[in-house]
Amino acid sequence: MSIHIDIPPLYCPYPFAIHPRQPELSQRCVEWLDKVGMSGGEQERALLAIGNWAEGLAMSYPVGSDESVQLVIDWAVYYAVVDDMYTELGPVGRDLGRLSEMLARMLRTLEVPDSGLLERGSPFADAWCDIAQRCHDLAPPGVFRRWVQGHRTHFFSVVLHQSYLLAGTYPGLNEYVTLRGGAVGTPPSAAMVELTRDCEVPSHEWDVPAVRALHEAWAFMHGCDNDLASYGKELWDVRHTQTDHDGSTVPFNIVGLIMHHSGCGLSEALELAASYHNRAMHFAVRMMDQLRPGASTAMRTYLDGVGPNIRGVLDWYLCPRTQRYRNPDGKTPDGVTYTLPIVDTPPPGSAEPIPLPTASWWWDLLE
């Protein structure tokens with residue numbers, strides 16, 4: 001029996017966009033994966049066939065040189081496969097010691113591509129070393145530093161996320177919102193907006209609380225939106241495999257946690273999670289409007305890329321070629337279906353802060 005999820009309207013005032021050379025960039029990604037040996041196994045091929053990641057990334061990064069957007073696509077598609085096969089769903093993700101060691105070696109390789117922390121000769125290591133060297137060579141120093149630091153935040157959050165899964169416990173909603181923004185991967189993705197937009201935001205602008213709040217809201221939206229789009233797949237996994245959260249009938253994501261902690265039903269949890277997205281989006285739009293008048297040219301260029309990045313991920317979830325959340329095990333087409341309406345005006349209540357201490361401070365910075 002298939003699962004259907006009706007996601008409430010999600011506010012995003014930015015239009016659809018896609019990089020004009022998406023077909024060529026997607027094909028080059030396939031060729032690169034073949035060259036480094038990342039697409040040779042049956043599992044890898046199945047993941048790539050249903051993921052449609054390259055097209056989604058071309059929607060999230062619709063502006064940029066071929067070289068910079070190609071790097072983003074190769075990096076993110078590679079990491080999506082690694083995430084599924086190793087860190088979240090694979091054997092490494094079920095052993096915090098092995099996971100921490102692997103991520104530490106990957107992080108040091110980003111900092112120093114020739115550090116020798118990953119043994120060359122395997123597709124996993126060769127591809128990651130190639131990505132690290134290409135970004136080292138292409139990115140301005142500040143952008144490269146933020147990209148590496150974004151991975152540090154992401155990797156720490158991944159380990160924390162897996163620790164809850166392995167312990168069979170649920171964090172509080174405040175704690176979950178804190179870790180989800182890092183675990184979804186937005187921190188390094190933000191630096192890639194700088195890279196593709198060919199700008200390097202000065203540190204004295206990047207590091208102020210208002211921009212930090214914007215980044216946190218952006219990361220929260222990516223995590224929340226992924227939880228909404230993937231809820232049906234995760235529910236399917238729980239019902240059919242019981243591997244998502246040992247013995248639980250509630251998936252480990254924001255929708256499941258709302259149901260677990262409040263005792264509400266699915267429709268109420270979906271409504272609340274969607275309202276949190278809408279509040280974060282409304283905040284982000286206001287904050288970017290607030291930042292622009294006094295911003296440097298580099299910061300304004302960067303801000304122009306934030307909205308399309310958020311919209312591009314939503315459009316990826318809607319793309320018919322993206323079967324990641326509709327074909328839950330790669331063998332059950334339309335085992336899960338969902339609606340995900342995008343609206344360009346904020347629904348009622350969107351101006352209100354998210355009532356969680358880890359997020360509510362963002363609104364204190366609005367003028």
Side-chain angles (χ1 to χ4, degrees), residues 14 17-22 24-26 28-29 32-33 36 53-80 82-83 106-107 109-113 127-155 181-182 184-207 211-212 214-216 218-219 221-222 284 288 291-292 295-313 316:
Y14 303 97
I18 190 167
H19 196 280
R21 287 182 48 79
Q22 176 267 320
E24 293 87 351
L25 297 173
S26 296
R28 288 178 188 170
C29 179
W32 176 77
L33 290 168
V36 298
W53 287 296
E55 185 171 10
L57 289 156
M59 291 186 275
S60 299
Y61 298 88
V63 173
S65 68
D66 283 10
E67 186 178 18
S68 64
V69 179
Q70 189 70 64
L71 173 59
V72 172
I73 290 175
D74 293 351
W75 160 68
V77 172
Y78 162 86
Y79 191 75
V82 170
D83 188 44
M106 290 177 69
L107 182 64
T109 300
L110 293 184
E111 294 173 326
V112 183
W128 191 245
C129 290
D130 179 70
I131 289 167
Q133 189 64 58
R134 287 161 62 191
C135 192
H136 183 275
D137 295 342
L138 185 60
V143 174
F144 182 77
R145 177 182 58 80
R146 285 193 273 266
W147 185 64
V148 172
Q149 185 59 35
H151 281 89
R152 192 183 307 277
T153 299
H154 171 60
F155 289 165
V184 77
T186 306
S189 299
M192 289 306 207
V193 171
E194 284 186 279
L195 180 70
T196 56
R197 297 272 168 167
D198 194 24
C199 62
E200 183 179 8
V201 179
S203 293
H204 71 267
E205 287 186 285
W206 185 276
D207 295 332
V211 175
R212 184 159 61 91
L214 172 63
H215 285 148
E216 289 190 10
W218 178 9
M221 277 186 278
H222 274 335
M288 286 190 281
L291 288 168
R292 278 192 182 91
S296 66
T297 299
M299 175 60 88
R300 290 196 299 272
T301 300
Y302 172 70
L303 293 175
D304 287 343
V306 174
N309 184 269
I310 297 168
R311 175 60 190 253
V313 175
W316 174 63

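Excluded from the calculations below are hydrogen atoms, water molecules and symmetry mates; all remaining heavy atoms, backbone and side chain alike, are included.
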Peer 1: Answer whether the closest heavy-atom distance between the side chains of V211 and E205 falls below 4.5 Å.
Peer 2: no

Peer 1: Mind listing the closest non-hydrogen atom pair of W53 and A80 along with its distance?
Peer 2: CE2-CB, 3.5 Å

Peer 1: To the closest 0.5 Å, what do you measure between SG (C135) and CE (M192)?
Peer 2: 4.5 Å

Peer 1: Above 12 or not: heavy atoms from other molecules or residues under 6.0 Å from CG of D137?
Peer 2: yes

Peer 1: Does the distance from a Lys or Arg side-chain N to an Asp or Glu carboxylate O, for D304 and R197, drop under 4.0 Å?
Peer 2: no

Peer 1: Looking at A298 and V201, what are the two nearest heavy atoms and their distance?
Peer 2: O-CG2, 3.9 Å

Peer 1: As a quick check of understanding, evaluate side chain to side chain contact (heavy atoms under 4.5 Å, CB included) for W218 and N309, giving each step before the final call.
Peer 2: CA-CA 9 Å; W218 178 9; N309 184 269; 3.1 Å; yes

Peer 1: Between D74, L25, V313, I73, which is the residue that forms a side chain to side chain contact (heavy atoms under 4.5 Å, CB included) with L57?
Peer 2: I73

Peer 1: Hey, are E216 and R212 close enough for a salt bridge, meaning a charged N less than 4.0 Å from a carboxylate O?
Peer 2: yes

Peer 1: Quick one: which of Y79, W75, F144 gives a ring-ring contact (aromatic ring centres under 6.0 Å, His included) with H151?
Peer 2: W75

Peer 1: Would you give the length of the straight line joining atom NE2 of H215 to atom CG of D207, rounded to the nearest 0.5 angstrom?
Peer 2: 10.0 Å

Peer 1: Work out which heavy atom in P188 is nearest to a heavy atom in H154; give both atom names and the distance.
Peer 2: CD-CB, 4.3 Å

Peer 1: Would R145 count as a cation-pi partner of W206, with NZ or CZ less than 6.0 Å from the six-membered ring centre and within 45° of the ring normal?
Peer 2: no

Peer 1: Which value, rounded to the nearest 0.5 Å, describes the distance between R311 atom CZ and M59 atom CE?
Peer 2: 10.0 Å

Peer 1: Rounded to the nearest 0.5 Å, what separation is found between the CG atom of L303 and the CZ atom of R292?
Peer 2: 5.5 Å

Peer 1: Donor-acceptor pair, distance only, cut-off 3.5 Å: does the side chain of Q70 make one with the backbone of R28?
Peer 2: no

Peer 1: Looking at D130 and R134, is any side-chain nitrogen of the basic one under 4.0 Å from a carboxylate oxygen of the acidic one?
Peer 2: yes

Peer 1: Report the C-alpha separation of I18 and E55 in whole Å, then their side-chain angles, then the decisive distance to 0.1 Å, and conclude whether the side chain to side chain contact (heavy atoms under 4.5 Å, CB included) test is met.
Peer 2: CA-CA 8 Å; I18 190 167; E55 185 171 10; 4.1 Å; yes

Peer 1: Under the side chain to side chain contact (heavy atoms under 4.5 Å, CB included) rule, what do D198 and S65 come out as? Steps first, then yes or no, please.
Peer 2: CA-CA 9 Å; D198 194 24; S65 68; over 6 Å; no

Peer 1: Do you know which two heavy atoms are closest between P187 and G181, and how far apart they sit?
Peer 2: CD-O, 3.7 Å

Peer 1: Given side chains that start at C-beta, do those of M299 and P202 come closer than 4.5 Å, heavy atoms only?
Peer 2: no

Peer 1: So, for A139 and V143, which heavy atoms are closest and what is the spacing to 0.1 Å?
Peer 2: CB-CG1, 4.1 Å

Peer 1: With rounding to the nearest 0.5 angstrom, report the CD1 to NE2 distance, I131 to H136.
Peer 2: 15.5 Å

Peer 1: Would you check, one step at a time, whether the test side chain to side chain contact (heavy atoms under 4.5 Å, CB included) holds for W147 with L110?
Peer 2: CA-CA 9 Å; W147 185 64; L110 293 184; 3.6 Å; yes

Peer 1: Over all heavy atoms of both residues, which pair between C129 and T109 is shortest? Give the atoms and the distance, please.
Peer 2: SG-CG2, 3.8 Å

Peer 1: Counting distance only, does the side-chain N/O of E111 pair as donor-acceptor with the main-chain N or O of V148 below 3.5 Å?
Peer 2: no

Peer 1: Is Y61 close to S189 at the side-chain level, that is, under 4.5 Å between some pair of heavy atoms?
Peer 2: yes

Peer 1: So, the side chain of Q133 versus the backbone of P113: is there a donor-acceptor pair under 3.5 Å, distance only?
Peer 2: no

Peer 1: Judged by modelled atom types alone, do R152 and Q149 share a side-chain donor-acceptor pair under 3.5 Å?
Peer 2: yes

Peer 1: Less than 4.5 Å apart, any side-chain heavy atom of R146 and any of P140?
Peer 2: no

Peer 1: I'd like to know if the side chain of H19 and the backbone of V63 have a donor-acceptor N/O pair within less than 3.5 Å.
Peer 2: no

